[in-house]
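Sharing a structure with you now.
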There are 2 protein chains.
Amino acid sequence: MALKNLEVACDYFLNDPDSIFSPLSEEEKKDLFANHICTVYKKGEIIFKEGDKPTGLICLANGKVKIFKEGVGGREQIVRMASPLGFIGYRALFAGQNYSGSALALEDSIVCILEKEALFNILKNNAEITLALMKKMADELGISNTRTVSLTQKHIRGRLAESLLLLVDTYGLEEDGRTIRAYLSREDLANLSNMTTSNAIRTLSTFASENLISLEGRKISILDMKKLERVSDMG
Amino acid sequence: MALKNLEVACDYFLNDPDSIFSPLSEEEKKDLFANHICTVYKKGEIIFKEGDKPTGLICLANGKVKIFKEGVGGREQIVRMASPLGFIGYRALFAGQNYSGSALALEDSIVCILEKEALFNILKNNAEITLALMKKMADELGISNTRTVSLTQKHIRGRLAESLLLLVDTYGLEEDGRTIRAYLSREDLANLSNMTTSNAIRTLSTFASENLISLEGRKISILDMKKLERVSDMG
DNA sequence: TAAAAAAAATGTTTTATAACACATTATCCC
DNA sequence: GGGATAATGTGTTATAAAACATTTTTTTTA
(Lines give C-alpha, C1' and ligand atoms only; values in the text may rest on other atoms or scores of the structure.)
Protein backbone atom coordinates (compact mmCIF):
# COMPACT_ATOMS: atom_id res chain seq x y z
CA MET A 1 0.00 0.00 0.00
CA ALA A 2 1.26 3.49 -0.82
CA LEU A 3 2.53 5.58 2.07
CA LYS A 4 -0.17 8.17 1.52
CA ASN A 5 -2.94 5.65 2.11
CA LEU A 6 -1.20 4.59 5.27
CA GLU A 7 -1.35 8.13 6.59
CA VAL A 8 -4.99 8.40 5.69
CA ALA A 9 -5.64 5.16 7.53
CA CYS A 10 -4.25 6.71 10.70
CA ASP A 11 -6.24 9.87 10.31
CA TYR A 12 -9.11 8.59 12.41
CA PHE A 13 -7.17 8.31 15.61
CA LEU A 14 -6.18 11.96 15.55
CA ASN A 15 -8.98 13.70 13.73
CA ASP A 16 -12.23 11.80 13.91
CA PRO A 17 -14.70 13.38 16.34
CA ASP A 18 -15.40 9.93 17.82
CA SER A 19 -11.77 9.32 18.62
CA ILE A 20 -10.74 9.73 22.22
CA PHE A 21 -8.08 12.17 21.00
CA SER A 22 -10.58 14.63 19.57
CA PRO A 23 -10.45 16.93 22.65
CA LEU A 24 -6.79 17.71 21.89
CA SER A 25 -5.74 21.10 20.60
CA GLU A 26 -4.47 21.39 17.03
CA GLU A 27 -1.00 21.86 18.38
CA GLU A 28 -1.14 18.72 20.46
CA LYS A 29 -2.48 16.74 17.51
CA LYS A 30 0.38 18.03 15.38
CA ASP A 31 2.78 16.95 18.05
CA LEU A 32 1.34 13.42 18.16
CA PHE A 33 1.27 13.30 14.37
CA ALA A 34 4.92 14.28 14.21
CA ASN A 35 5.70 11.31 16.44
CA HIS A 36 3.83 8.50 14.85
CA ILE A 37 4.60 5.66 12.47
CA CYS A 38 2.23 3.75 10.24
CA THR A 39 3.02 0.17 9.32
CA VAL A 40 1.44 -2.59 7.31
CA TYR A 41 1.53 -6.14 8.59
CA LYS A 42 0.81 -8.98 6.23
CA LYS A 43 -1.46 -11.83 7.23
CA GLY A 44 0.42 -14.05 9.64
CA GLU A 45 3.00 -11.45 10.65
CA ILE A 46 3.85 -10.79 14.28
CA ILE A 47 3.20 -7.23 15.48
CA PHE A 48 4.85 -7.75 18.82
CA LYS A 49 6.06 -10.69 20.88
CA GLU A 50 5.76 -11.55 24.57
CA GLY A 51 8.70 -9.81 26.25
CA ASP A 52 9.12 -7.01 23.68
CA LYS A 53 9.25 -3.46 24.97
CA PRO A 54 6.36 -1.21 23.93
CA THR A 55 7.44 1.77 21.83
CA GLY A 56 4.09 3.49 21.76
CA LEU A 57 0.36 3.17 21.59
CA ILE A 58 -0.58 0.87 18.71
CA CYS A 59 -3.84 1.75 16.98
CA LEU A 60 -5.34 -0.78 14.61
CA ALA A 61 -6.59 1.16 11.58
CA ASN A 62 -7.46 -1.82 9.49
CA GLY A 63 -7.44 -5.61 9.68
CA LYS A 64 -7.83 -8.24 12.38
CA VAL A 65 -5.37 -9.09 15.11
CA LYS A 66 -5.23 -11.80 17.73
CA ILE A 67 -3.54 -11.22 21.08
CA PHE A 68 -2.42 -14.44 22.68
CA LYS A 69 -0.31 -15.94 25.41
CA GLU A 70 1.78 -19.06 25.46
CA GLY A 71 0.69 -21.40 28.21
CA VAL A 72 1.64 -24.83 29.48
CA GLY A 73 3.81 -26.68 26.94
CA GLY A 74 3.55 -23.84 24.43
CA ARG A 75 -0.20 -24.22 24.20
CA GLU A 76 -1.71 -20.98 22.94
CA GLN A 77 -4.58 -19.11 24.56
CA ILE A 78 -6.10 -16.22 22.62
CA VAL A 79 -6.69 -13.46 25.15
CA ARG A 80 -8.42 -10.97 22.88
CA MET A 81 -9.42 -10.33 19.29
CA ALA A 82 -8.71 -6.76 18.17
CA SER A 83 -10.78 -4.96 15.56
CA PRO A 84 -10.24 -1.73 13.62
CA LEU A 85 -10.20 1.54 15.54
CA GLY A 86 -9.13 -0.28 18.67
CA PHE A 87 -5.87 -0.14 20.58
CA ILE A 88 -3.37 -2.95 20.89
CA GLY A 89 -0.79 -3.61 23.55
CA TYR A 90 -1.74 -0.59 25.63
CA ARG A 91 -1.95 -2.65 28.80
CA ALA A 92 1.81 -3.20 28.87
CA LEU A 93 2.42 0.42 27.89
CA PHE A 94 0.44 1.78 30.83
CA ALA A 95 1.69 -0.82 33.26
CA GLY A 96 5.24 0.15 32.36
CA GLN A 97 5.99 -3.47 31.52
CA ASN A 98 7.12 -5.48 28.55
CA TYR A 99 4.38 -7.16 26.58
CA SER A 100 2.87 -10.10 28.43
CA GLY A 101 1.37 -11.50 25.25
CA SER A 102 1.96 -11.51 21.51
CA ALA A 103 -0.01 -9.92 18.69
CA LEU A 104 -0.37 -11.43 15.24
CA ALA A 105 -2.18 -10.08 12.19
CA LEU A 106 -4.87 -12.54 11.12
CA GLU A 107 -5.26 -10.64 7.86
CA ASP A 108 -3.34 -7.81 6.21
CA SER A 109 -3.51 -5.00 8.77
CA ILE A 110 -2.55 -1.36 9.07
CA VAL A 111 -1.41 -0.04 12.41
CA CYS A 112 -0.54 3.44 13.54
CA ILE A 113 1.90 3.75 16.42
CA LEU A 114 1.78 6.90 18.54
CA GLU A 115 5.21 7.25 20.04
CA LYS A 116 5.33 6.69 23.78
CA GLU A 117 6.99 9.87 25.04
CA ALA A 118 4.99 12.24 22.90
CA LEU A 119 1.85 10.46 24.02
CA PHE A 120 2.65 10.57 27.72
CA ASN A 121 3.62 14.22 27.50
CA ILE A 122 0.15 14.92 26.26
CA LEU A 123 -1.64 12.57 28.66
CA LYS A 124 0.16 14.15 31.60
CA ASN A 125 -1.75 17.35 30.92
CA ASN A 126 -4.96 15.78 29.82
CA ALA A 127 -6.89 13.79 32.36
CA GLU A 128 -9.97 13.61 30.15
CA ILE A 129 -8.22 11.47 27.57
CA THR A 130 -6.45 9.49 30.25
CA LEU A 131 -9.82 8.73 31.83
CA ALA A 132 -11.18 7.66 28.43
CA LEU A 133 -8.28 5.24 28.01
CA MET A 134 -8.83 4.04 31.54
CA LYS A 135 -12.45 3.31 30.74
CA LYS A 136 -11.33 1.15 27.83
CA MET A 137 -8.98 -0.77 30.06
CA ALA A 138 -11.67 -1.13 32.76
CA ASP A 139 -14.01 -2.57 30.12
CA GLU A 140 -11.34 -4.99 29.04
CA LEU A 141 -10.61 -6.08 32.59
CA GLY A 142 -14.29 -6.83 33.03
CA ILE A 143 -14.29 -8.93 29.89
CA SER A 144 -11.13 -10.71 30.97
CA ASN A 145 -12.61 -11.63 34.35
CA THR A 146 -15.81 -12.84 32.76
CA ARG A 147 -13.86 -14.88 30.25
CA THR A 148 -11.83 -16.49 33.02
CA VAL A 149 -15.05 -17.82 34.52
CA SER A 150 -16.50 -18.91 31.17
CA LEU A 151 -13.35 -20.64 30.02
CA THR A 152 -12.90 -22.48 33.29
CA GLN A 153 -16.51 -23.38 34.05
CA LYS A 154 -18.43 -23.79 30.81
CA HIS A 155 -18.39 -27.04 28.90
CA ILE A 156 -17.00 -27.31 25.40
CA ARG A 157 -20.27 -26.48 23.66
CA GLY A 158 -20.81 -23.40 25.78
CA ARG A 159 -17.27 -22.18 25.29
CA LEU A 160 -17.37 -22.58 21.53
CA ALA A 161 -20.80 -20.94 21.26
CA GLU A 162 -19.51 -18.05 23.36
CA SER A 163 -16.52 -17.65 21.05
CA LEU A 164 -18.73 -17.53 17.98
CA LEU A 165 -20.87 -14.85 19.64
CA LEU A 166 -17.71 -12.97 20.62
CA LEU A 167 -16.61 -12.97 16.98
CA VAL A 168 -20.00 -11.64 15.87
CA ASP A 169 -19.72 -8.96 18.52
CA THR A 170 -16.22 -7.98 17.53
CA TYR A 171 -16.32 -8.22 13.74
CA GLY A 172 -20.02 -8.20 12.91
CA LEU A 173 -21.84 -10.04 10.16
CA GLU A 174 -21.55 -9.97 6.39
CA GLU A 175 -24.25 -8.42 4.21
CA ASP A 176 -26.31 -11.61 4.38
CA GLY A 177 -26.86 -10.90 8.07
CA ARG A 178 -25.71 -14.29 9.24
CA THR A 179 -22.12 -14.96 8.16
CA ILE A 180 -19.46 -14.07 10.71
CA ARG A 181 -17.13 -11.42 9.25
CA ALA A 182 -14.07 -13.30 10.45
CA TYR A 183 -12.50 -16.38 8.93
CA LEU A 184 -10.47 -18.12 11.57
CA SER A 185 -8.72 -21.45 11.32
CA ARG A 186 -10.19 -24.22 13.44
CA GLU A 187 -7.00 -24.05 15.45
CA ASP A 188 -7.48 -20.35 16.27
CA LEU A 189 -11.09 -21.02 17.13
CA ALA A 190 -9.89 -23.76 19.47
CA ASN A 191 -7.26 -21.52 21.06
CA LEU A 192 -9.89 -18.85 21.60
CA SER A 193 -12.20 -21.35 23.27
CA ASN A 194 -9.70 -23.26 25.37
CA MET A 195 -10.03 -26.64 23.69
CA THR A 196 -8.12 -28.86 21.31
CA THR A 197 -8.45 -28.34 17.57
CA SER A 198 -10.08 -31.74 17.21
CA ASN A 199 -12.78 -30.79 19.67
CA ALA A 200 -13.39 -27.43 18.00
CA ILE A 201 -13.86 -29.22 14.65
CA ARG A 202 -16.06 -31.88 16.17
CA THR A 203 -18.22 -29.43 18.09
CA LEU A 204 -18.61 -27.16 15.06
CA SER A 205 -19.84 -30.19 13.10
CA THR A 206 -22.30 -30.99 15.86
CA PHE A 207 -23.57 -27.39 15.85
CA ALA A 208 -24.02 -27.63 12.08
CA SER A 209 -25.90 -30.93 12.35
CA GLU A 210 -28.18 -29.24 14.90
CA ASN A 211 -28.78 -26.38 12.44
CA LEU A 212 -27.34 -23.84 14.84
CA ILE A 213 -24.77 -22.82 12.25
CA SER A 214 -23.75 -23.69 8.72
CA LEU A 215 -20.18 -24.36 7.64
CA GLU A 216 -18.40 -23.78 4.36
CA GLY A 217 -14.70 -24.00 4.90
CA ARG A 218 -13.82 -21.18 7.26
CA LYS A 219 -17.05 -19.43 6.58
CA ILE A 220 -19.40 -19.80 9.55
CA SER A 221 -22.99 -18.62 9.32
CA ILE A 222 -25.30 -18.37 12.28
CA LEU A 223 -28.64 -19.95 11.58
CA ASP A 224 -30.19 -19.71 15.02
CA MET A 225 -28.78 -16.92 17.15
CA LYS A 226 -31.23 -17.40 20.03
CA LYS A 227 -30.40 -21.06 20.36
CA LEU A 228 -26.68 -20.34 20.08
CA GLU A 229 -26.99 -17.84 22.90
CA ARG A 230 -28.79 -20.46 24.93
CA VAL A 231 -25.99 -22.96 24.30
CA SER A 232 -23.48 -20.32 25.34
CA ASP A 233 -25.39 -19.59 28.56
CA MET A 234 -26.39 -23.10 29.52
CA GLY A 235 -23.40 -25.08 28.28
CA MET B 1 -14.34 0.19 66.67
CA ALA B 2 -14.62 3.83 67.65
CA LEU B 3 -15.24 6.32 64.91
CA LYS B 4 -11.97 8.07 65.57
CA ASN B 5 -9.96 4.94 64.86
CA LEU B 6 -11.88 4.52 61.67
CA GLU B 7 -10.79 7.94 60.50
CA VAL B 8 -7.21 7.21 61.40
CA ALA B 9 -7.40 4.02 59.40
CA CYS B 10 -8.32 6.03 56.32
CA ASP B 11 -5.56 8.52 56.85
CA TYR B 12 -3.11 6.65 54.67
CA PHE B 13 -5.04 7.08 51.47
CA LEU B 14 -5.03 10.84 51.74
CA ASN B 15 -1.89 11.67 53.63
CA ASP B 16 0.74 8.98 53.32
CA PRO B 17 3.56 10.00 50.97
CA ASP B 18 3.34 6.58 49.29
CA SER B 19 -0.34 6.99 48.48
CA ILE B 20 -1.18 7.84 44.90
CA PHE B 21 -3.14 10.83 46.27
CA SER B 22 -0.07 12.45 47.83
CA PRO B 23 0.43 14.86 44.88
CA LEU B 24 -2.90 16.53 45.69
CA SER B 25 -3.02 20.00 47.18
CA GLU B 26 -4.18 20.42 50.77
CA GLU B 27 -7.41 21.88 49.48
CA GLU B 28 -8.08 18.89 47.22
CA LYS B 29 -7.33 16.49 50.05
CA LYS B 30 -9.76 18.39 52.27
CA ASP B 31 -12.36 18.11 49.56
CA LEU B 32 -11.89 14.35 49.26
CA PHE B 33 -11.88 14.02 53.03
CA ALA B 34 -15.14 15.92 53.25
CA ASN B 35 -16.66 13.38 50.87
CA HIS B 36 -15.61 10.09 52.31
CA ILE B 37 -17.12 7.45 54.53
CA CYS B 38 -15.37 4.87 56.65
CA THR B 39 -17.06 1.59 57.40
CA VAL B 40 -16.29 -1.59 59.25
CA TYR B 41 -17.31 -4.92 57.78
CA LYS B 42 -17.36 -7.97 59.98
CA LYS B 43 -15.92 -11.27 58.83
CA GLY B 44 -18.30 -12.79 56.31
CA GLU B 45 -20.11 -9.55 55.45
CA ILE B 46 -20.73 -8.49 51.87
CA ILE B 47 -19.14 -5.18 50.87
CA PHE B 48 -20.86 -5.07 47.50
CA LYS B 49 -22.77 -7.48 45.28
CA GLU B 50 -22.71 -8.19 41.57
CA GLY B 51 -25.07 -5.66 39.99
CA ASP B 52 -24.75 -2.98 42.70
CA LYS B 53 -23.90 0.54 41.60
CA PRO B 54 -20.53 1.90 42.75
CA THR B 55 -20.81 4.93 45.01
CA GLY B 56 -17.14 5.71 45.14
CA LEU B 57 -13.62 4.40 45.28
CA ILE B 58 -13.35 1.80 48.02
CA CYS B 59 -10.00 1.70 49.78
CA LEU B 60 -9.23 -1.24 52.01
CA ALA B 61 -7.55 0.14 55.12
CA ASN B 62 -7.51 -3.08 57.05
CA GLY B 63 -8.51 -6.70 56.65
CA LYS B 64 -8.79 -9.20 53.83
CA VAL B 65 -11.38 -9.23 51.07
CA LYS B 66 -12.21 -11.69 48.31
CA ILE B 67 -13.66 -10.50 45.01
CA PHE B 68 -15.57 -13.23 43.25
CA LYS B 69 -17.99 -13.97 40.45
CA GLU B 70 -20.84 -16.43 40.25
CA GLY B 71 -20.35 -18.84 37.38
CA VAL B 72 -22.16 -21.82 35.92
CA GLY B 73 -24.75 -23.14 38.36
CA GLY B 74 -23.78 -20.63 41.03
CA ARG B 75 -20.26 -21.99 41.23
CA GLU B 76 -17.97 -19.32 42.65
CA GLN B 77 -14.70 -18.19 41.12
CA ILE B 78 -12.51 -15.90 43.19
CA VAL B 79 -11.19 -13.26 40.82
CA ARG B 80 -8.89 -11.45 43.19
CA MET B 81 -7.78 -11.27 46.81
CA ALA B 82 -7.53 -7.71 48.10
CA SER B 83 -5.09 -6.66 50.79
CA PRO B 84 -4.77 -3.51 52.91
CA LEU B 85 -3.94 -0.24 51.17
CA GLY B 86 -5.41 -1.55 47.94
CA PHE B 87 -8.50 -0.48 46.06
CA ILE B 88 -11.66 -2.52 45.63
CA GLY B 89 -14.30 -2.33 42.96
CA TYR B 90 -12.56 0.43 41.03
CA ARG B 91 -12.89 -1.42 37.74
CA ALA B 92 -16.66 -0.96 37.67
CA LEU B 93 -16.29 2.63 38.86
CA PHE B 94 -14.00 3.56 35.98
CA ALA B 95 -15.87 1.50 33.41
CA GLY B 96 -19.04 3.34 34.39
CA GLN B 97 -20.73 0.01 35.04
CA ASN B 98 -22.37 -1.77 37.92
CA TYR B 99 -20.20 -4.22 39.77
CA SER B 100 -19.49 -7.36 37.78
CA GLY B 101 -18.43 -9.27 40.85
CA SER B 102 -19.03 -9.30 44.60
CA ALA B 103 -16.74 -8.45 47.49
CA LEU B 104 -16.81 -10.17 50.87
CA ALA B 105 -14.74 -9.50 53.96
CA LEU B 106 -12.80 -12.64 54.88
CA GLU B 107 -11.96 -11.08 58.22
CA ASP B 108 -13.08 -7.93 60.03
CA SER B 109 -12.15 -5.14 57.64
CA ILE B 110 -12.12 -1.37 57.53
CA VAL B 111 -12.82 0.38 54.26
CA CYS B 112 -12.75 4.01 53.32
CA ILE B 113 -14.99 5.10 50.46
CA LEU B 114 -14.04 8.22 48.53
CA GLU B 115 -17.24 9.54 47.07
CA LYS B 116 -17.47 9.23 43.30
CA GLU B 117 -18.22 12.79 42.21
CA ALA B 118 -15.69 14.44 44.47
CA LEU B 119 -13.12 11.96 43.24
CA PHE B 120 -13.82 12.47 39.55
CA ASN B 121 -13.80 16.24 39.98
CA ILE B 122 -10.29 15.92 41.24
CA LEU B 123 -9.16 13.30 38.71
CA LYS B 124 -10.44 15.47 35.86
CA ASN B 125 -7.77 18.00 36.70
CA ASN B 126 -5.10 15.60 37.71
CA ALA B 127 -3.75 13.29 35.04
CA GLU B 128 -0.84 12.21 37.21
CA ILE B 129 -3.12 10.47 39.68
CA THR B 130 -5.33 9.16 36.92
CA LEU B 131 -2.26 7.64 35.28
CA ALA B 132 -1.27 6.07 38.60
CA LEU B 133 -4.70 4.48 38.92
CA MET B 134 -4.47 3.37 35.31
CA LYS B 135 -1.17 1.68 36.07
CA LYS B 136 -2.84 -0.27 38.86
CA MET B 137 -5.58 -1.39 36.53
CA ALA B 138 -3.09 -2.30 33.81
CA ASP B 139 -1.21 -4.44 36.35
CA GLU B 140 -4.42 -6.13 37.33
CA LEU B 141 -5.40 -6.80 33.73
CA GLY B 142 -2.04 -8.47 33.20
CA ILE B 143 -2.61 -10.64 36.24
CA SER B 144 -6.12 -11.48 35.09
CA ASN B 145 -4.93 -12.59 31.65
CA THR B 146 -2.16 -14.68 33.16
CA ARG B 147 -4.61 -16.25 35.56
CA THR B 148 -6.96 -17.13 32.74
CA VAL B 149 -4.20 -19.17 31.15
CA SER B 150 -3.10 -20.77 34.42
CA LEU B 151 -6.60 -21.69 35.52
CA THR B 152 -7.50 -23.18 32.15
CA GLN B 153 -4.26 -24.96 31.32
CA LYS B 154 -2.53 -26.02 34.50
CA HIS B 155 -3.42 -29.21 36.24
CA ILE B 156 -4.85 -29.27 39.74
CA ARG B 157 -1.50 -29.45 41.51
CA GLY B 158 -0.16 -26.50 39.52
CA ARG B 159 -3.26 -24.43 40.12
CA LEU B 160 -3.29 -25.03 43.85
CA ALA B 161 0.44 -24.37 44.18
CA GLU B 162 -0.03 -21.13 42.25
CA SER B 163 -2.82 -20.07 44.60
CA LEU B 164 -0.68 -20.70 47.66
CA LEU B 165 2.09 -18.60 46.13
CA LEU B 166 -0.44 -15.89 45.28
CA LEU B 167 -1.53 -15.81 48.93
CA VAL B 168 2.06 -15.48 50.07
CA ASP B 169 2.53 -12.69 47.57
CA THR B 170 -0.61 -10.86 48.64
CA TYR B 171 -0.60 -11.33 52.41
CA GLY B 172 2.95 -12.32 53.21
CA LEU B 173 4.24 -14.73 55.85
CA GLU B 174 3.97 -14.77 59.61
CA GLU B 175 6.97 -14.11 61.86
CA ASP B 176 8.13 -17.72 61.50
CA GLY B 177 8.88 -16.97 57.85
CA ARG B 178 6.86 -19.88 56.50
CA THR B 179 3.21 -19.64 57.58
CA ILE B 180 0.89 -17.95 55.10
CA ARG B 181 -0.66 -14.87 56.71
CA ALA B 182 -4.12 -15.82 55.45
CA TYR B 183 -6.44 -18.46 56.82
CA LEU B 184 -8.87 -19.46 54.11
CA SER B 185 -11.42 -22.23 54.18
CA ARG B 186 -10.71 -25.17 51.89
CA GLU B 187 -13.72 -24.04 49.92
CA ASP B 188 -12.28 -20.56 49.30
CA LEU B 189 -8.97 -22.12 48.39
CA ALA B 190 -10.84 -24.32 45.90
CA ASN B 191 -12.76 -21.39 44.46
CA LEU B 192 -9.55 -19.48 44.04
CA SER B 193 -7.94 -22.40 42.23
CA ASN B 194 -10.85 -23.48 40.05
CA MET B 195 -11.41 -26.90 41.54
CA THR B 196 -13.86 -28.69 43.82
CA THR B 197 -13.43 -28.46 47.56
CA SER B 198 -12.75 -32.18 47.73
CA ASN B 199 -9.89 -31.86 45.30
CA ALA B 200 -8.43 -28.86 47.14
CA ILE B 201 -8.46 -30.88 50.38
CA ARG B 202 -7.01 -33.95 48.70
CA THR B 203 -4.27 -32.03 46.92
CA LEU B 204 -3.31 -30.11 50.07
CA SER B 205 -2.92 -33.44 51.86
CA THR B 206 -0.76 -34.72 49.04
CA PHE B 207 1.42 -31.59 49.24
CA ALA B 208 1.74 -32.14 52.99
CA SER B 209 2.71 -35.79 52.52
CA GLU B 210 5.37 -34.64 50.06
CA ASN B 211 6.69 -32.17 52.66
CA LEU B 212 5.98 -29.21 50.40
CA ILE B 213 3.75 -27.70 53.07
CA SER B 214 2.52 -28.45 56.55
CA LEU B 215 -1.10 -28.24 57.61
CA GLU B 216 -2.67 -27.37 60.93
CA GLY B 217 -6.33 -26.57 60.41
CA ARG B 218 -6.44 -23.51 58.21
CA LYS B 219 -2.85 -22.71 58.96
CA ILE B 220 -0.67 -23.52 55.97
CA SER B 221 3.11 -23.33 56.23
CA ILE B 222 5.41 -23.54 53.27
CA LEU B 223 8.23 -25.98 53.86
CA ASP B 224 9.82 -25.96 50.41
CA MET B 225 9.18 -22.78 48.46
CA LYS B 226 11.43 -23.74 45.52
CA LYS B 227 9.66 -27.03 45.01
CA LEU B 228 6.27 -25.38 45.36
CA GLU B 229 7.25 -22.90 42.65
CA ARG B 230 8.31 -25.79 40.48
CA VAL B 231 4.96 -27.51 41.00
CA SER B 232 3.23 -24.25 40.10
CA ASP B 233 5.29 -23.88 36.93
CA MET B 234 5.33 -27.47 35.78
CA GLY B 235 1.93 -28.62 36.92
C1' DT C 1 -22.36 -28.90 77.49
C1' DA C 2 -25.03 -31.20 74.32
C1' DA C 3 -27.08 -30.96 69.88
C1' DA C 4 -26.81 -29.24 65.40
C1' DA C 5 -24.46 -27.53 61.68
C1' DA C 6 -20.57 -26.81 59.06
C1' DA C 7 -16.10 -28.06 57.47
C1' DA C 8 -12.70 -31.41 56.48
C1' DA C 9 -11.24 -35.86 55.00
C1' DT C 10 -11.30 -39.86 52.02
C1' DG C 11 -12.80 -43.61 49.06
C1' DT C 12 -15.43 -44.85 44.65
C1' DT C 13 -17.65 -44.00 40.27
C1' DT C 14 -18.55 -41.40 36.29
C1' DT C 15 -17.61 -38.34 32.63
C1' DA C 16 -15.82 -34.65 29.84
C1' DT C 17 -12.21 -33.85 27.23
C1' DA C 18 -7.38 -34.47 26.02
C1' DA C 19 -4.39 -37.45 23.60
C1' DC C 20 -3.53 -40.33 19.93
C1' DA C 21 -3.91 -42.29 15.40
C1' DC C 22 -4.99 -41.98 10.81
C1' DA C 23 -7.61 -40.55 6.59
C1' DT C 24 -8.89 -36.87 3.63
C1' DT C 25 -8.85 -32.44 1.73
C1' DA C 26 -7.15 -27.95 0.87
C1' DT C 27 -3.28 -24.52 -0.10
C1' DC C 28 1.14 -23.18 -0.66
C1' DC C 29 5.09 -22.45 -3.48
C1' DC C 30 8.90 -24.14 -6.57
C1' DG D 1 0.78 -28.15 -12.18
C1' DG D 2 2.29 -31.30 -9.03
C1' DG D 3 4.68 -32.43 -4.87
C1' DA D 4 4.92 -30.96 -0.25
C1' DT D 5 2.87 -29.14 3.63
C1' DA D 6 -0.71 -27.64 6.37
C1' DA D 7 -5.52 -27.88 7.68
C1' DT D 8 -9.59 -30.48 8.42
C1' DG D 9 -12.27 -34.43 9.73
C1' DT D 10 -13.33 -38.73 12.48
C1' DG D 11 -12.92 -42.73 15.31
C1' DT D 12 -10.67 -44.76 19.61
C1' DT D 13 -8.42 -44.73 24.00
C1' DA D 14 -6.71 -42.80 28.19
C1' DT D 15 -7.07 -39.83 32.03
C1' DA D 16 -7.77 -35.84 34.99
C1' DA D 17 -11.02 -34.12 37.60
C1' DA D 18 -15.95 -33.77 38.77
C1' DA D 19 -19.64 -35.98 41.01
C1' DC D 20 -21.19 -38.71 44.53
C1' DA D 21 -21.23 -41.00 48.98
C1' DT D 22 -19.91 -41.50 53.63
C1' DT D 23 -17.22 -40.70 57.82
C1' DT D 24 -14.80 -37.86 60.95
C1' DT D 25 -13.67 -33.62 62.99
C1' DT D 26 -14.42 -28.95 64.21
C1' DT D 27 -17.22 -25.04 65.14
C1' DT D 28 -21.36 -22.83 66.33
C1' DT D 29 -25.20 -22.01 69.06
C1' DA D 30 -29.13 -23.13 71.80
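Per chain, numbering begins at 1; letters A, B, ... match sequence-line order.
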> Where do A/Leu167 and A/Ile180 come nearest, in terms of heavy atoms and distance?
Replying inline: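 Reported closest heavy-atom pair: CB-CG2, 3.9 Å.
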
>> Check the orientation of A/Phe13 and A/Phe87. Use parallel for under 30°, tilted for 30 to 60°, and perpendicular for over 60°.
In response: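 Tilted: the ring planes of A/Phe13 and A/Phe87 meet at 30° to 60°.
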
>> Suppose we screen for salt bridge (charged side-chain N to carboxylate O under 4.0 Å, His left out). Which residues come up paired with B/Glu45, at least two apart in sequence or across chains?
In response: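 Scan of B/Glu45 (salt bridge (charged side-chain N to carboxylate O under 4.0 Å, His left out), adjacent residues dropped) gives none.
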
>> Does this structure show an ion pair linking A/Arg91 with B/Glu140, if we count only N-O contacts that are shorter than 4.0 Å?
In response: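 Looking at A/Arg91 and B/Glu140, the cut-off is not met.
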
>> Whole angstroms only, please: what is the NZ-C1' distance between B/Lys43 and D/dT27?
In response: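 B/Lys43 atom NZ is separated from D/dT27 atom C1' by 10 Å.
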
> In the 5'-to-3' direction, what one-character label does each nucleotide of nucleotides 4-21 of chain C receive under the scheme B = base within less than 4.0 Å of a protein heavy atom, S = sugar-phosphate only, - = no such atom?
Replying inline: ---SSBBBB---SSBBB-

> Do you see a donor-acceptor pair shorter than 3.5 Å between the side chains of B/Thr152 and A/Thr152?
Replying inline: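 A/Thr152 and B/Thr152 do not have a side-chain donor-acceptor pair below 3.5 Å.
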
